[in-house]
Number of protein chains: 2
Amino acid sequence: MAKYAIGIDYGTESGRAVLVDVADGREVASAVHPYRDGVIDEALPGSDVPLPPDFALQNPDDYLDVLRATIPALLRESGAKAEDVIGVGTDFTACTMLPTDAAGTPLCRKPQWRDNPYAWVKIWKHHAAQPEANRLNATARERGEGWLPRYGGKISSEWLFPKIWETLNKAPQVYAAADRYVEAADWIVWQLTGQERRNSCTAGYKAIWSKREGYPPDDFFAALDPRLRHVVDEKLSRQIYPLGQRAGGLTAAMAELTGLLPGTAVPIGNVDAHVSVPAVTVVEPGRMVMIMGTSICHMLLGTEESMVEGMCGLVEDGIIPGYIGYEAGQSCVGDHFAWFVENCAPAAYQEEARARGLSLHQMLEEKAGRQRPGEHGLLALDWWNGNRSVLVDVELTGLLVGATLATRPEDIYRALIEATAYGTRVIVEAFEGSGVAVNELVACGGLPERNRLLMQIYSDVTGREIRVGATAQVGAFGSAMFAAVAAGRAAGGYDTIYEAAQRMARLKELVYWPNPAHKAIYDRLYAEYRVLHDYFGRGQNDVMKRLKALQKEVLAGSNRIPPAGAA
Amino acid sequence: MAKYAIGIDYGTESGRAVLVDVADGREVASAVHPYRDGVIDEALPGSDVPLPPDFALQNPDDYLDVLRATIPALLRESGAKAEDVIGVGTDFTACTMLPTDAAGTPLCRKPQWRDNPYAWVKIWKHHAAQPEANRLNATARERGEGWLPRYGGKISSEWLFPKIWETLNKAPQVYAAADRYVEAADWIVWQLTGQERRNSCTAGYKAIWSKREGYPPDDFFAALDPRLRHVVDEKLSRQIYPLGQRAGGLTAAMAELTGLLPGTAVPIGNVDAHVSVPAVTVVEPGRMVMIMGTSICHMLLGTEESMVEGMCGLVEDGIIPGYIGYEAGQSCVGDHFAWFVENCAPAAYQEEARARGLSLHQMLEEKAGRQRPGEHGLLALDWWNGNRSVLVDVELTGLLVGATLATRPEDIYRALIEATAYGTRVIVEAFEGSGVAVNELVACGGLPERNRLLMQIYSDVTGREIRVGATAQVGAFGSAMFAAVAAGRAAGGYDTIYEAAQRMARLKELVYWPNPAHKAIYDRLYAEYRVLHDYFGRGQNDVMKRLKALQKEVLAGSNRIPPAGAA
């Protein structure tokens, strides 16, 4: 009798679920459920009151609706019986966090807090805590906190403590009312199992926790704000659970909601990027996983804790038990091409694409693909949305050099693709320069499915073989693997994620090999990229920052419309 | 009885003619005739053989067609009688040159040379003589040639001797067959009058001639190539005629062709930019004329010979008799915006413009005009077509810095306008730094007619008042003024160009004044521009040149460039 595991990937706009045959990783059924309230960035549901700038919230009840909608759909579609589903695993965006009472009930569900934006889920791209992040970083640097290098020298405003501190500053009454601050990744597991089980991944990558040292000491938090001295003990928990463990079994209520059996195994919560690593067969060092979409997350396993410039974080057991998990990132990849197509592709191209039944991306890829490396004469710095790794600087901006009157849209398009590939090579070299091997790249996410030219360029630029994960639902698939591990061999699953990876995960047969002639040209272009990267990115010429500062100054001083006939 | 003068301006795509009332400069009639063969840059007329890269040719018979088409049209439209037309003057793009036999017949008109591209007119933007220009400059520098500083230290590949030498190298049989190499400006006068009368303007600005020293010595040419030792005596002429003189009278054949009377006064040939100076009232130092179209020519009069960095040339009597004429230039201005609109304006913008009955330029100007200086956060180097003044380097390319995902098309459009204004400010400062005053700017050409935002930005960036010439046909108008001078007072014209300027030329009432608040912001942005200008333009980082070199290398190695005719 076949055994199945269900994985649910909680994304930014929807939840995606997949039902997988545990024996061989076959994807038997899938389902998607968009969040009713989506990303809440203009006004709270049912309200006209505008939210402050940089807010990005969610409604936690939308997460429960995903369970209610998708799991019965998977069972219907597959014909699988509840007793054959041995586990249900979840992964989430992070840091996506919410305040709850002691029982795990979200404050935003309570009438007295419903109208307060700070009582809702702040999702990963909520960016209103930048002032708190800046002060936290300054304090950590002054105190010489030993954990700072593990995060590339900078804590992001997207992470847990800036978000908590922002609430303390802006809505102290909400902070006071919250018994717990919890990652959504852990909250959903709490709902499924009735157990508060905080996972080592979000704790490590987003909450400055490490297996050896735990959280920063209380006096660090007190140095930020005396009211934060006991934030860990008052609002979090020092008990952190490693990935791959069983968090508990499905509660009766959740069995009722989903149609699964009570007691069905649920693993410790996990994060979308991190759960993708074993889903594309990677459970060992040397193979860097690139989750490629609007941005790229670079995930890598290592055996020793090496300080690598500009990492988003390094966490022991943070991806796969037994290894140091490294995370790096590029903040603007797919977004880059989308910006270009929206803002720079001329009408003639749109008409041609329409006439030929292609998307603009497809047509630009086709035209750009006819060129040889170096042919367009352009070079770009891929910093349209700042630089995540290795410079960790949101104030950096994009640059294009080499334009002539003969420059065509496909030239710029290709130059932008190449720029993001150079950005990845910088990250690869940062790892290798710190002694962390990167022998092969394994890609997953939306971009590898859509753009073969891009994949070949990444291979040529990095000089590395690139393989592509077989599943199109990489997050949900990885969660299903962890569900099979939580269930264990006795129940028809696996005892370790290594076994699950071996049996369930697969790569496509397609392999991108670096073309040595292209590589040789890209080596020369990359050398140019590095010079500009350092000139504009490491303080030789801070023109990008000065332009941004001037822009802010001008916008702050104007109502944008100058007086008529200004003269 | 009213007396009229006709001026004909030979441009890149067409000839434009105007019939002017000599007494007050009233433009009575105008006509345009596009060249049938246009700019020949893909294949010779009637041929499929691709031309080599960087070729830009013309058919000299198209110049005669302009006479045949426009002059009768002017007479018809105005009702003027042939006997009331006292002169017909011409101006041309330069260096636009052709090989002829001893009688002035173009070699390309002869069957045996018709299929050879080197027998045709090479127009100003023919750029295939760069290797020859490079060697000429290196030799001149080695020998410490005293004339080199008069040209900003560099002879352009667009000028006469590189173009002649290119033919000698690539098609020695054409060089041998040519009795004369002649500027089209002089060739058309030769056709009109039957007299070979070489003008001091093209000789001075494009052929290294000066009133005091003549041409470089024969041993300089021999140092370039022994076969060139006697190039001046064999292919040119040492007899050079000053501007404003009468070259001769219309031949009977040309009277027949045009409908004018035989003997009608024809002035010495002139150049479009130079003839424009008196056409906008400027016959004295301190007022810089900007002829603003696809590129900008900056023309300025001075009383002493000052060496100014990156000038295109300084020539005694080169613009107005009695003054040193300075010429500087920016190679990419209107071309810049045209490139942007064609290659970068998205379909949504085109639809909006169409719906609102605006051109894309108008709509982009409107949107860009709503911004304050500094608001878009961008900075560009306006080198899409290299840099003429002050760096004199065609290998430089365009740069844009400051792009983010929020950057909109109008932001880039405005940044490109501003970049060209910074480029003009660099030129103004180079003059003033060498002691040549620039107190006021006088603009003419197509751009000032079309783009008020651009004019205001130029005023704000340079901190100078800008006035605009009244005539929309500035080249043809200036040629008509010189025609009136060639005819002389006795025939109803004028004895000097000063008188003609006083009586015929006019400015618009519109004046652009610098806005001090905008100027203050642009001072900061200009400081950033200067840093990037020097970093990329003065050898600190030659990435632009290396990208171009790589591009050529890649293209040379591919099958994209047809071998025919190349090298």
Side-chain angles (χ1 to χ4, degrees), chain A residues 332 335-336 338-339 341-351 371-379 381 383-386 397-405 407-409 412 521 524-525 528 531-532 535-536 541 543-544 546-548 550-555 557-558 560-562 566-567, chain B residues 332 335-336 339 341-351 370-379 381 383-385 397-405 407-409 412 456 512-513 515 517-518 521 524-525 528 531-532 535-536 541 543-544 546-548 550-551 553-555 557-558 560:
Chain A
C332 184
D335 273 356
H336 216 141
W339 171 85
V341 162
E342 186 178 340
N343 288 283
C344 305
Y349 276 53
Q350 188 161 82
E351 278 155 33
Q371 299 181 17
R372 298 191 177 200
E375 186 176 318
H376 53 51
L378 300 172
L379 185 62
L381 291 176
W383 301 344
W384 263 246
N385 195 19
T397 56
L399 176 137
L400 180 74
V401 61
T404 73
L405 293 175
T407 299
R408 299 158 303 172
I412 302 176
I521 292 175
R524 292 161 63 184
L525 289 164
E528 303 290 353
V531 171
L532 294 177
Y535 178 74
F536 288 103
N541 184 347
V543 57
M544 292 169 177
R546 287 190 296 269
L547 289 171
K548 270 211 162 183
L550 175 59
Q551 179 179 46
K552 277 182 196 151
E553 181 188 320
V554 168
L555 287 173
S558 86
R560 290 189 60 104
I561 307 293
Chain B
C332 185
D335 272 356
H336 215 143
W339 171 85
V341 162
E342 185 178 341
N343 288 283
C344 305
Y349 277 54
Q350 189 162 82
E351 279 155 34
R370 294 206 194 101
Q371 300 180 19
R372 298 196 173 197
E375 186 177 319
H376 52 53
L378 300 172
L379 184 62
L381 290 177
W383 301 344
W384 263 244
N385 196 20
T397 56
L399 177 137
L400 179 75
V401 62
T404 72
L405 293 175
T407 299
R408 299 158 302 171
I412 302 175
Q456 186 59 51
Y512 294 92
W513 296 95
N515 174 324
H518 291 182
I521 292 174
R524 291 162 65 185
L525 288 165
E528 302 289 353
V531 171
L532 293 177
Y535 177 74
F536 288 103
N541 184 347
V543 56
M544 292 169 176
R546 288 190 295 270
L547 289 171
K548 269 213 161 182
L550 174 60
Q551 179 180 45
E553 181 188 320
V554 168
L555 287 172
S558 82
R560 282 180 54 109

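Per chain, numbering begins at 1; letters A, B, ... match sequence-line order.
- Only the side chain of A:F536 comes within contact range of chain B, with at least one heavy atom under 4.5 Å from a heavy atom of that chain.
- Of the listed residues (A:H336, A:E351, A:H376), the one with the most heavy-atom contacts under 4.5 Å to chain B is A:H376.
- Taking the side chain as every heavy atom from C-beta outward, B:V401 and A:L547 approach each other to under 4.5 Å.
- Across every non-hydrogen atom of B:C344 and A:P346, the tightest pair is N-CB, 4.5 Å.
- In this structure, the side chain of B:E375 does not engage the main chain of A:Q551 through any donor-acceptor pair within 3.5 Å.
- Interface remark: A:N541 contributes side-chain atoms only to the contact with chain B (heavy atom separation under 4.5 Å).
- Among all heavy-atom pairs drawn from B:A403 and A:T397, the shortest one is O-CB, 3.5 Å.
- In terms of heavy-atom pairs under 4.5 angstrom with chain B, the leader among A:I412, A:I521, A:L400, A:V531 is A:L400.
- Only the backbone of A:E342 comes within contact range of chain B, with at least one heavy atom under 4.5 Å from a heavy atom of that chain.
- Contact annotation: the side chain of B:L379 approaches that of A:V543 to within less than 4.5 Å [non-hydrogen atoms, C-beta and beyond].
- Between B:P373 and A:V554, the closest side-chain pair of non-hydrogen atoms is not below 4.5 Å.
- Contacts of A:L525 with chain B are made by side-chain atoms alone, with heavy-atom separations under 4.5 Å and no backbone atom involved.
- Annotation: side chain of B:R524 is in contact with side chain of A:E553 (closest heavy-atom distance under 4.5 Å).
- The part of B:Y535 that comes within reach of chain A is its side chain, from C-beta onward, which places non-hydrogen atoms under 4.5 angstrom from that chain.
- For the set B:L550, B:N343, B:L378, B:L399, the entry with the most heavy-atom pairs within less than 4.5 Å of chain A is B:N343.
- Remark: side-chain polar atoms of B:W339 are paired, donor with acceptor, to backbone N or O of A:T407 under 3.5 angstrom.
- Side-chain contact between B:T404 and A:K548: present, with at least one pair of heavy atoms (C-beta onward) separated by less than 4.5 Å.
- Separation of atoms CG (B:L405) and CG (A:N385) is listed at 5.0 Å; rounding is to 0.5 Å.
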